[in-house]
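Residue numbers start from 1 in every chain, and the chains themselves are labelled A, B, ... in the order their sequence lines are given, proteins ahead of strands.
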2 protein chains.
Amino acid sequence: MKIDKSLVRSIPLFDRMSDADLDKFLGHAVSRRVPAGEAVFEQGAAATHFFLLLHGRLKVTQVTEDGQQIIVRVVHPGDLFGFAKALQRSDYPGTALAVAESIALCWPTELWPQFVDRNPRLAVTAMQTIGQRLEEAHTRIREMSTQEVERRVAHAVLRLANQAGRKEGTGVRIDFPISRQDIAEMTGTTLHTVSRILSAWEGKGLVEGGRQKLLVLDLNGLAALADHVKE
Amino acid sequence: MKIDKSLVRSIPLFDRMSDADLDKFLGHAVSRRVPAGEAVFEQGAAATHFFLLLHGRLKVTQVTEDGQQIIVRVVHPGDLFGFAKALQRSDYPGTALAVAESIALCWPTELWPQFVDRNPRLAVTAMQTIGQRLEEAHTRIREMSTQEVERRVAHAVLRLANQAGRKEGTGVRIDFPISRQDIAEMTGTTLHTVSRILSAWEGKGLVEGGRQKLLVLDLNGLAALADHVKE
DNA sequence: AGTCATCTTTGACATAGCGCAAACATCGAC
DNA sequence: GTCGATGTTTGCGCTATGTCAAAGATGACT
């Protein structure tokens, strides 16, 4: 298996690993193509592998007992995901669904302890990564606790623009198919409300919508909305 | 410094550490008494130490730019807190306030890497701990996204009863001073709404309130409320 | 005992945003 | 090009909750 090392190197989790160890690590990996709409793993399934996204885009979702769905996070190229076993779970807490054609590296979870034993730094950096996710989660909790829907949506869109934005003409295109429903599930609201908000924004020239499309025209304007303390 | 090893042993983070290493670890600790109402550290301050709560109770809070406060979590005896540096932050993301007279062990953050180097397992178990917190955060996000206030409050109270409950007569007493405002900040609502909800519950004989007091009389009844899918 | 600072309760009112429903747009398949 | 599936927009009414306000409780301090 021949894998480009540069992408792997670029992610903090591996940047300090020796070249030999990295080769060994990659040697155990299997790469897997995932067509859009297909799941890499399902919520509740045994956590047999952990993954690194090389290309494409995934959304990790959870479904509540009563059938409601939320988007836990979006996985971008270079992100590690399906970490469950390392966090002492035996099953995946969510479903990872490809929203665009994707390619992921897969390792059997059993290998994780070995890699950590051989390379203690790995555990440290992994912990930092998780720590970052924890912070993001707290940010989200803070927003949901204190901000009204429009500001939350503004923040979510800005984050997407940062993480998955591609310059396009006057604005920034969100670089994967995303529906109002998705945005609703990321911000804790309904697709109706999101639709209304985006329509209003479109009226003000802040964004430009479309079926599963979003183009941000005025980042500053959006940021103002997101930060603006209503007076 | 003489410290009782049994409590420290009982927490997962240290259960696999050798006796010699544990002694060394504890040898570097300083214990600190924190009177109720005083902060162990403040949001934004340089993360000079990390801590282990031996006795008492803390709440970790964050304040938003516009002055709103939320409670990130409650720290119980045996919990590690003020972890910031291990997660690659240089400052504390929140304030840790003693809600009851407390005693904490303190280590300088610089020691963390040493301990990890000497004891790689430590990093693994630490990561598991953080992973658990991440899950809790996601649970909270899920609840805030999909459940109405009353159910969220029910869940929060049940959690408190589990983690800080002391049997008392017919019911379970929440074992530290907690205000309606606190519960509101844990569930993303206002103290008014919490007060109304608790009053209603009191009417149904589920709980018994009081100034900064809460006694749960009917755990099952509350659980029913928490799980009940409204039909 | 009395005073004060904090909490708590409750009422009245306002409204954000949800649920429901129906029309409309877009895209891929045939 | 037509059709069907899937996503989007928009109107309308409703209600859960926030906001504002004021009146009790409770407990600490002197």
Measure from CD on A/E150 to C1' on C/dT15 and round the result to the nearest Å.
15 Å
Determine: side-chain N/O of A/S199 to OP1/OP2 of D/dT10, distance under 4.0 Å, yes or no.
yes
Out of C/dC18, D/dG27, D/dG18, minimum distance to the side chain of B/R211 belongs to D/dG27
Using heavy atoms to find the nearest nucleotide of DNA chain D for A/Q181 and B/K213 separately, return the residue whose nucleotide is more 5′.
A/Q181
Nearest-angstrom distance from the residue atom CG of B/L191 to C1' of D/dA21
13 Å
Hey, is the side chain of B/R196 pairing donor to acceptor with the base of D/dG18 inside 3.5 Å?
no
Check every atom of C/dT10, D/dT17, C/dC20 against the side chain of A/H192 and return the nucleotide holding the closest atom.
C/dC20
Could you give the CD1-to-C1' distance, from B/I178 to C/dT8, as a whole number of Å?
14 Å
Could you walk me through whether A/F41 and A/F51 pass the ring pair (Phe, Tyr, Trp, His ring centres under 6.0 Å) test, one step at a time?
CA-CA 10 Å; A/F41 53 78; A/F51 309 85; 5.6 Å; yes
In whole Å, what is the span from the CD atom of A/Q147 to the P atom of C/dA16?
16 Å
Does atom NE2 (A/H76) have a neighbourhood of more than 12 heavy atoms from anything else shown, all under 6.0 Å?
yes
Which listed nucleotide (D/dG7, D/dA16, C/dT10) is nearest to the side chain of B/S195?
C/dT10
Nearest to the A/Q212 side chain among C/dC20, C/dG17, D/dT8, which nucleotide is it?
D/dT8
Determine: side-chain N/O of B/T193 to OP1/OP2 of D/dA16, distance under 4.0 Å, yes or no.
no
Checking side chain to side chain contact (heavy atoms under 4.5 Å, CB included) for the pair A/L225/A/L206: CA distance, chi angles, key distance, verdict?
CA-CA 10 Å; A/L225 260 181; A/L206 292 172; 3.8 Å; yes
Centre-to-centre under 6.0 Å for A/F50 and A/F81, is that the case here?
no
Does the side chain to side chain contact (heavy atoms under 4.5 Å, CB included) test come out yes or no for A/V40 and A/R32, once each step is laid out?
CA-CA 9 Å; A/V40 179; A/R32 174 172 162 200; 4.0 Å; yes
So does A/T190 get a side-chain nitrogen or oxygen closer than 4.0 Å to the phosphate oxygens (OP1/OP2) of C/dC18?
yes
What integer distance in Å separates B/Q68:CD from D/dG18:C1'?
11 Å
What is the distance, to the nearest angstrom, from the CD atom on A/E208 to the P atom on D/dT8?
15 Å
Could you state the atom-to-atom distance from CG of A/L214 to C1' of D/dG7 in whole Å?
14 Å
Side chain of A/R180: nearest nucleotide among D/dG27, C/dT9, D/dT8?
D/dT8
For B/L198 and C/dC7, what is the distance between atoms CG and P respectively, to the nearest whole Å?
16 Å
